[in-house]
Amino acid sequence: MKEISFESQVLHTPYEKEDAYHSLSMPIYNTAAYEFDTAEAMEAAFCGRTPDHAYSRITNPTVQYFENRVRAVTEALSVTALNSGMAAISNVLMTVAYAGSNIITSAHLFGNTYSLMESTLGAFGVEVRFCDLTNPEEVSSLIDENSCAILLEVITNPQLEIADLKKLSIIGKEKGVPLIADTTVVPFNIFKAKDFGVDIEIVSSTKYISGGATSIGGLILDYGTFDWKRSSKLAGMVKQFGPGTFTAKLRKEIHRNLGAYMTPQVAYMQTLGMETMEVRFERQGHTCLDLAKRLQSLKGIESVNYTGLEDNPFYELSNVQFGPYPGAMFTFDLPSREACFSFMNKLKLIRRATNLFDNKTLAIHPASTIFGSFSEELRQSMDVSQKSIRLSVGLESVDDLYNDIEQALA
Ligand SMILES: *Cc1c(COP(=O)(O)O)cnc(C)c1O
């Protein structure tokens with residue numbers, strides 16, 4: 001058979017075991033524990049010799065089915081589903097980082113990711129080295145024998161900056177540091193992280209995957225591409241686990257100890273969400289580009305930032321990495337913070353809310369909300385402007401969205 005498309009594959013990933021009642025959708029296995037026939041079978045399962053489920057903090061059939069679907073469409077070596085995007089990020093960093101290690105990253109980061117590294121992991125002796133990830137020489141010069149990760153967001157939010165993933169991947173391979181990417185802002189069907197040299201992919205499945213903001217979730221995808229012999233922390237496991245070394249450390253230790261596995265109810269909703277992701281994104285991506293273009297000439301708007309616009313400094317790289325519709329989010333600048341607040345307050349159709357890629361269009365003033373507790377100095381160093389509005393584009397008609405923005409600016 002020919003290679004199967006994303007939209008067909010995502011619907012028809014088979015179950016691991018035949019369902020007793022031939023249920024067409026994966027049942028929600030709402031259970032904490034699983035029973036065994038014998039003490040020997042129990043021993044084998046607990047010691048990891050058989051793949052049976054034992055306890056739902058560690059594995060659960062409904063969650064595993066969701067993981068399998070993600071694996072089928074991404075060709076990851078392994079997928080782990082957590083109960084939030086932040087849980088996914090913290091599990092990944094706890095797997096690779098150690099006291100005295102350093103993480104190479106940019107200050108252009110999701111607020112909690114920044115705080116996780118700088119404060120939470122900082123207290124345990126992990127150093128964060130901020131640099132300009134669009135400058136490969138700078139990245140290269142900061143790496144030393146204690147660098148445990150190059151961490152980035154593929155399109156930063158809200159700056160919408162893009163680094164050249166292939167270049168960073170080459171540096172990582174040369175220097176023995178894994179490339180870890182948060183790809184939340186672009187869905188799997190348009191961006192194949194593996195093709196650009198990403199070793200570990202992290203996704204907040206709260207966004208595109210959940211299918212209309214139904215639930216909070218996160219995913220860790222291990223492509224099995226990094227040579228963990230180069231990691232001083234994990235090298236000792238490579239003989240036993242080979243390319244699966246990262247996943248072994250994660251699944252046998254970190255994820256069990258942190259206890260943030262996805263629940264079966266959420267996995268059920270997100271499995272359904274994945275089924276419609278491709279059609280939703282097609283609509284949202286087109287509307288986003290169309291709206292961004294129209295706003296460029298709307299009176300009262302100083303500038304529009306979307307990497308799918310031809311005059312954007314990242315346009316060409318964006319097109320290579322993500323195609324013509326690089327996510328369904330953009331920002332635009334108004335003359336002042338006061339103008340942003342007045343605009344927000346006058347919106348009628350567009351909702352004032354955080355979150356991304358809901359079915360409804362959402363607007364937020366990032367500087368006073370997501371980054372509201374940061375000092376002005378820190379906000380400036382992160383290029384979070386008081387003049388910017390972020391729009392996450394939903395499924396409404398583009399005319400209705402345009403009209404709402406126009407009336408709110410008047
Ligand atoms: C939302 C988001 C997160 C955090 O995900 P949660 O599911 O809210 O924990 C991390 N990174 C990016 C880029 C996000 O947009």
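In listed order, ligands and their atoms are each counted from 1.
In this structure, R379 contributes its side chain and S368 its backbone to no donor-acceptor pair below 3.5 Å. Side chain of E310 to main chain of Y315: no donor-acceptor pair is present (N/O by atom type, distance under 3.5 Å, no hydrogens or angles).
Atom 9 (O) of ligand 1 has its closest protein heavy atom at M86 N, 2.9 Å. D182 OD2, 3.4 Å is the protein heavy atom nearest to atom 13 (C) of ligand 1. Protein heavy atom at the shortest distance from atom 14 (C) of ligand 1 is K207 NZ, 3.0 Å. Protein heavy atom nearest atom 7 (O) of ligand 1, with residue, atom name and distance: T206 OG1, 2.7 Å. Closest to atom 4 (C) of ligand 1 among all protein heavy atoms lies F110 CE2, 3.5 Å. Among protein heavy atoms, atom 6 (P) of ligand 1 sits closest to G85 N, 3.3 Å.
The side-chain tip of K207 points at the ring of F110 from less than 6.0 angstrom away and within 45° of straight on.
Each of the atoms 1 (C), 2 (C), 3 (C), 5 (O), 6 (P), 7 (O) of ligand 1 lies under 4.0 Å from some heavy atom of S204. Here is the list of ligand 1 atoms found below 4.0 Å of a heavy atom in G217: 7 (O). Annotation for ligand 1: atoms under 4.0 Å from non-hydrogen atoms of S84 are 7 (O), 9 (O). Under a 4.0 Å criterion applied to the non-hydrogen atoms of L356, ligand 1 contributes the atoms 15 (O).
Residue T113 holds its OG1 atom at 5.5 Å from CD of E153, rounded to the nearest 0.5 Å.
In this structure, the ring of F191 has its center less than 6.0 angstrom from the ring center of F196.
Counting heavy-atom neighbours within 6.0 Å of K192 NZ, excluding the residue itself, gives a total above 12. Residue Y65 places its OH atom among more than 12 non-hydrogen atoms of other residues, nucleotides or ligands, all under 6.0 Å distant.
In terms of polar-atom proximity, N157 is not counted as a contact of ligand 1, lacking any N or O under 3.5 Å from an N or O of the ligand.
Among M344, K346, E338, the one residue that satisfies the side-chain contact (heavy atoms from CB on, under 4.5 Å) test with S342 is K346.
Under 4.0 angstrom from ligand 1, there are no non-hydrogen atoms of V185.
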